[in-house]
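Report on one structure; see the data block that follows.
Residue numbers start at 1 and run along the sequence shown. Remember, it's a predicted structure, so these values are computed and weren't measured experimentally.
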Amino acid sequence: MGGWAIAVHGGAGVDPNLPDERQQQAKQLLTRCLNIGISALRSSLPAIDVVELVVRELESDPLFNSGRGSALTANGTVEMEASIMDGDGRRCGAVSGISTVKNPISLARLVMDKSPHSYLGFSGAEEFAKQQGVEMVDNEYFITEDNVGMLKLAKEANTILFDYRIPLTGLDSCAASVESPIHMNGLPINIYAPETVGCVVVDRQGRCAAGTSTGGLMNKMTGRIGDSPLIGAGTYAGELCGVSCTGEGEAIIRGTLARDVAAVMEYKELGLQDAVNFVIKKRLDKGFAGLIAVSNKGEVAFGFNCNGMFRGCATEDGFMDVGIW
């Protein structure tokens, strides 16, 4: 085994004119989360516990689109989703439609550990959360002033906004402008830059784990479910690797992106970075996305086919890097 490794992401697709202050805030948050994970791994915490710990930290900070700070539905509410997977035994848990659970990733962990199922949604998931005694908050806790303003902009533009942090002014300078829209399932999406969060970890025993959490799309239809809670699409961990994806959820679902990384490692015998590159190039069709991955050998890799992805990684040999572009 090659020692432990950890990677985190805060979403793929970044406004090329993102203010420097916002870039520095993102890097500081990713660095803080990496340091939390590094400390836990040095203390020999299992990979699955480190993933939950780090994603909880990301959910608790309103900077990215998960937990507090989640994107708003067309009705102005928050519906969050998350999944977690332990490569040791391929155990998994996932939740959707979460509106009052402070940390959806921990509820996903409880679905994995404390229920006979792998996936719970909406009222059933909320009821399970109450039974398990997890911390609950009012839906208003997750709603920020920035998101209220971005939902208003989305409604005025009659579209779904991927990046709810894009400034209200200078809209024509964004990564995908109104005049040159991209499409999702054949429908125009005017601005593309989602900020889902995720973490992948391999511990000293070579056990891989992965977790992903998001608020979804700004102005999304109530009840919409993306790739983040779907095992094999947004999240996957097995004996060989752990993967967390971010980007255009519908494209990630169609390509079963996370599982495909493990599949080409197993069946094509590709190394981790080669597997990531293959999947990003061959499995996204016209979609845009990115992913982070670790292998059971202590390797770390990432890939994306858009202009940037908030990301960071660290390995036991002392390597650490945080980047956007």
For the hydrophobic clusters of this structure (ILVMFWY residues joined by side-chain heavy atoms under 4.5 Å, transitively), does one cluster hold both [X] and [Y]?
X    : Y    : answer
L291 : I253 : no
V51  : L230 : no
V95  : L110 : yes
V8   : I105 : yes
M80  : L151 : yes

How long is the span from the [atom1] atom in [X] to the [atom2] atom in [Y], to the nearest 0.5 Å?
X    : Y    : atom1 : atom2 : value
S99  : N139 : OG    : CG    : 5.5 Å
W325 : C306 : CH2   : SG    : 10.5 Å
M112 : M85  : CE    : CE    : 9.5 Å
E248 : D227 : CD    : CG    : 10.0 Å
L41  : L53  : CG    : CG    : 9.5 Å
Q24  : L18  : CD    : CG    : 10.0 Å

I need the full list of salt bridge (Lys or Arg N to Asp or Glu O under 4.0 Å) pairs touching residues 272-283, with sequence neighbours left out, sorted by first then second residue.
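Checked against salt bridge (Lys or Arg N to Asp or Glu O under 4.0 Å) - neighbours excluded - the pairs reaching residues 272-283 are D260-R283.
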Give a yes or no on whether a salt bridge exists between R311 and D321, defined as a side-chain N under 4.0 angstrom from a carboxylate O.
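Salt bridge flag = no for D321 with R311.
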Does this structure show an ion pair linking E316 with R204, if we count only N-O contacts that are shorter than 4.0 Å?
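Salt bridge between E316 and R204, a charged N being under 4.0 Å from a carboxylate O: yes.
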List the atom of [X], the atom of [Y], and the distance in Å for their closest heavy-atom pair.
X    : Y    : value
P46  : D203 : CA-OD2, 3.7 Å
M265 : A275 : CG-CB, 3.5 Å
I225 : P229 : CG2-CG, 3.8 Å
A40  : V50  : CB-CG2, 3.9 Å
A233 : I252 : O-CG2, 3.3 Å
A125 : S96  : CB-O, 4.4 Å

Under a 3.5 Å distance rule, please check whether [X] uses its side chain to pair with a backbone N or O of [Y] as donor and acceptor.
X    : Y    : value
N65  : L217 : no
N296 : G206 : no
K155 : N219 : no
D86  : A237 : no
E81  : G226 : yes
K27  : I324 : no
H9   : T196 : yes

Over 12 non-hydrogen atoms of neighbours within 6.0 angstrom of CD in E145:
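For E145, atom CD is not crowded (no more than 12 foreign heavy atoms under 6.0 Å).
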Within a 6.0 Å radius of atom CZ on R56, are there more than 12 heavy atoms belonging to other residues, nucleotides or ligands?
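No - once you tally the heavy atoms of other residues, nucleotides and ligands closer than 6.0 Å, there are 12 at most.
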Do the non-hydrogen side-chain atoms of [X] and [Y] ever get within less than 4.5 Å of each other?
X    : Y    : value
V322 : Q28  : no
S60  : N103 : yes
L45  : W4   : no
F310 : V197 : no
M218 : N147 : yes
F142 : I98  : no
E266 : E239 : no
Y119 : S83  : no

Taking atom types as modelled and ignoring hydrogens, do the side chains of [X] and [Y] form a donor-acceptor contact shorter than 3.5 angstrom?
X    : Y    : answer
E59  : S213 : yes
D317 : T315 : yes
Y141 : T100 : no
T212 : S244 : yes

Audit row: L58, L29, side-chain contact (heavy atoms from CB on, under 4.5 Å) steps and yes/no
CA-CA 8 Å; L58 288 163; L29 174 56; 4.2 Å; yes
Transitive ILVMFWY cluster of F302 at side-chain heavy atoms under 4.5 Å: who else is in it?
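So far as hydrophobic clustering goes, F302 is joined with V200, V202, I292, V294, V300, F304, M309.
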Stepwise, does the side-chain contact (heavy atoms from CB on, under 4.5 Å) test hold for E126 with M136?
CA-CA 9 Å; E126 295 276 332; M136 313 283 282; 3.7 Å; yes
What side chain to side chain donor-acceptor pair (under 3.5 Å) pairs are there with at least one residue in residues 32-46, not counting sequence neighbours?
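Of all non-adjacent pairs touching residues 32-46, those that pass side chain to side chain donor-acceptor pair (under 3.5 Å) are R32-E57, R32-D61.
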Go through the steps to decide whether Y236 and C92 satisfy the test side-chain contact (heavy atoms from CB on, under 4.5 Å), and finish with yes or no.
CA-CA 9 Å; Y236 186 79; C92 60; over 6 Å; no
Would K114 and Q131 count as a side-chain contact (heavy atoms from CB on, under 4.5 Å) if you check the C-alpha gap in whole Å, the side-chain angles of each, and the deciding distance to 0.1 Å?
CA-CA 11 Å; K114 302 294 185 180; Q131 294 171 3; over 6 Å; no
